Amino acid sequence: MSKPSYSSEDVLVYDDVLADAAFAKLYRHLGSLNYTSVHRDGWRKVWRLHDGNPLRGRTVWYRPGEQPPTTNFYPTGSPVDDLIAWIADREDDIAAVVGTASADWTRLSFTPWIYPVGSGLSLHRDGTTYSGAFTYFAHHEWRLHWGGQLLVLDPQTQPNLASPGGNAPVAFDDRQESLRAFDPGFALTIFPKPNRIAFLSPRALHLLTRVDTNAGQQSRISVAGFFHRNVPPPGGGPHG
């Protein structure tokens, strides 16, 4: 059983998640999927106007103790099953950050993501419908100056990021958001190291820095998802 590379109340990180062969199969599988723009049905404002155009694949689901006979539920028969099984085997180990199966969450979503050069994800929390979230880095290579870092703000940061009444929405004007983020103005940086997974609590304020032009033709590829509370499955929320 692997041990976490980093742990806190809001963040849990594991490295070398899948065996080399399983990692390679998952990478090839993600390259074979169809992807659509996150803005296909309109502007999703958690991605600000400067955040580029990330792409997402079809979401698949895992329900503890159940194996619904549909292709979008585990087991899917695809290499994603190895990642789902890895998380399912560690439900107890990750519960302190993402909640307890059945009690805090009943479904787990898995969505493939591609962040090409110039794309990122602005500061947000994942909302009250989730007891936690995860991001698994599935690209085969990443370098220090390629960007795409996951930043988790210091837990002392004020959680209310909405602008006070009468001011412009944060999607148009981030001055108030920046003032809150800069007090105290610290963040944990999680580099998108291949075959690494990061779990986040629903309290964690986080963002994804823009993939830099240094990455060239390389894209930041991930499988990300949420630990859903006992509500009907949505299409999967913001992440990457």
Side-chain angles (χ1 to χ4, degrees), residues 1-30 32-35 56-113 125-138 150 152 190 195-204 206 221-240:
M1 299 292 283
S2 57
K3 295 182 179 179
S5 305
Y6 177 88
S7 63
S8 69
E9 291 184 357
D10 292 324
V11 181
L12 192 60
V13 178
Y14 289 84
D15 286 311
D16 303 319
V17 171
L18 299 181
D20 290 346
F23 178 64
K25 287 180 181 178
L26 178 58
Y27 176 73
R28 289 193 297 269
H29 170 72
L30 296 176
S32 72
L33 301 178
N34 293 321
Y35 293 82
R56 60 174 293 165
R58 188 185 72 158
T59 298
V60 298
W61 297 87
Y62 163 70
R63 286 204 296 232
E66 297 183 35
Q67 295 184 358
T70 59
T71 57
N72 63 330
F73 275 89
Y74 174 83
T76 67
S78 78
V80 178
D81 288 348
D82 291 324
L83 179 61
I84 297 175
W86 188 95
I87 295 177
D89 287 344
R90 289 159 180 80
E91 289 175 2
D92 294 339
D93 298 333
I94 63 179
V97 170
V98 301
T100 302
S102 299
D104 296 310
W105 60 272
T106 57
R107 300 175 182 89
L108 179 53
S109 59
F110 293 76
T111 305
W113 288 91
R125 287 196 299 177
D126 287 324
T128 58
T129 59
Y130 313 118
S131 68
F134 76 91
T135 297
Y136 171 76
F137 303 117
L150 175 61
V152 184
I190 302 172
N195 206 16
R196 162 178 283 181
I197 192 168
F199 296 96
L200 302 182
S201 83
R203 300 179 298 274
H206 57 285
I221 302 169
S222 64
V223 178
F226 301 97
F227 296 80
H228 295 252
R229 299 187 189 278
N230 192 19
V231 295
H239 220 276

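From a predicted model like this one, the values you see are computed outputs, not experimental measurements.
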Engineer: Go through it in stages, so that I can follow the logic: the residues are Phe227 and Ile94, the test is side-chain contact (heavy atoms from CB on, under 4.5 Å), and I'd like the CA-CA distance, side-chain angles, deciding distance and then a yes or no.
Structural biologist: CA-CA 11 Å; Phe227 296 80; Ile94 63 179; 3.8 Å; yes

Engineer: With sequence neighbours left out, what residues match Pro4 under side-chain contact (heavy atoms from CB on, under 4.5 Å)?
Structural biologist: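 With neighbours one apart ignored, the set is Leu12, Tyr14.
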
Engineer: Taking all atoms of both residues into account, what is the closest heavy-atom pair of Phe226 and Ala133, and its distance?
Structural biologist: CD2-CB, 3.8 Å

Engineer: Taking all non-hydrogen atoms of both residues into account, name the closest pair between Ala224 and Trp113 and its distance.
Structural biologist: CB-CD1, 3.9 Å

Engineer: To the closest 0.5 Å, what do you measure between CG (Leu200) and CZ (Arg125)?
Structural biologist: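 The distance works out to 12.5 Å.
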
Engineer: Taking atom types as modelled, is there a side-chain donor on His228 or Ser109 under 3.5 Å from an acceptor on the other?
Structural biologist: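 Side chains of His228 and Ser109: pair found under 3.5 Å.
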
Engineer: Can any side-chain N or O of Arg229 pair as donor or acceptor with the backbone N or O of Thr128 at less than 3.5 Å?
Structural biologist: yes

Engineer: A side-chain contact here means heavy atoms from C-beta on lying under 4.5 Å apart; do Leu150 and His206 qualify?
Structural biologist: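 The answer is yes, as the side chains (C-beta and beyond) meet within the 4.5 Å cut-off.
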
Engineer: Is Asp81 reaching over with its side chain to a backbone N or O of Pro75, donor-acceptor style, under 3.5 angstrom?
Structural biologist: no

Engineer: Contact between Ile84 and Asp82 at the side-chain level, heavy atoms closer than 4.5 Å - yes or no?
Structural biologist: no

Engineer: In chain order, what residues pass the ring-ring contact (aromatic ring centres under 6.0 Å, His included) check against Tyr62, with sequence neighbours excluded?
Structural biologist: Tyr74

Engineer: With side-chain contact (heavy atoms from CB on, under 4.5 Å) as the test, pick out the partner of Ile197 among Thr135, Ile87, Asp15.
Structural biologist: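 So the option named by the test is Ile87.
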
Engineer: Side chains of residues 95-105: which donor-acceptor pairs under 3.5 Å do they make with residues two or more places apart or in other chains?
Structural biologist:
{"residue": "Asp104", "atom": "OD2", "partner": "Thr100", "partner atom": "N", "Å": "2.7"}
{"residue": "Trp105", "atom": "NE1", "partner": "Gly99", "partner atom": "O", "Å": "3.2"}

Engineer: Taking all non-hydrogen atoms of both residues into account, name the closest pair between Glu9 and Arg203 and its distance.
Structural biologist: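 Heavy atoms only, the tightest pair is O-NH2, 3.3 Å.
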
Engineer: Without placing hydrogens or testing angles, list every side-chain donor-acceptor pair under 3.5 Å for residues 16-30, not counting sequence neighbours.
Structural biologist:
{"residue": "Tyr27", "atom": "OH", "partner": "His140", "partner atom": "NE2", "Å": "3.3"}

Engineer: Check whether any side-chain heavy atom of Val11 lies under 4.5 Å from a side-chain heavy atom of Tyr6, and answer yes or no.
Structural biologist: yes

Engineer: Enter the distance from Ser78:OG to Leu83:CG here, rounded to the nearest 0.5 Å.
Structural biologist: 10.0 Å

Engineer: Tell me, please, which residues at least two apart from Ser222 pass side chain to side chain donor-acceptor pair (under 3.5 Å).
Structural biologist: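 For Ser222 there are no side chain to side chain donor-acceptor pair (under 3.5 Å) partners, ignoring immediate neighbours.
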
Engineer: Is any side-chain heavy atom of Asn72 less than 4.5 Å from a side-chain heavy atom of Thr59?
Structural biologist: no

Engineer: Between Trp86 and Arg90, is there a cation-pi geometry (under 6.0 Å to ring centre, at most 45° from the normal)?
Structural biologist: yes

Engineer: Taking all non-hydrogen atoms of both residues, which atom of Gly127 and which atom of Pro202 are closest, and how far apart?
Structural biologist: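 Smallest interatomic distance, heavy atoms only, reads O-CB, 4.2 Å.
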
Engineer: To the closest 0.5 Å, what do you measure between OG (Ser7) and CG (Asp93)?
Structural biologist: 11.5 Å

Engineer: Of all residues at least two apart in sequence or in a different chain, which pass the ring-ring contact (aromatic ring centres under 6.0 Å, His included) check with Tyr136?
Structural biologist: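 Listed in chain order: nothing, the list is empty.
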
Engineer: Between Val223 and Thr111, is there a side-chain heavy-atom distance shorter than 4.5 Å?
Structural biologist: no

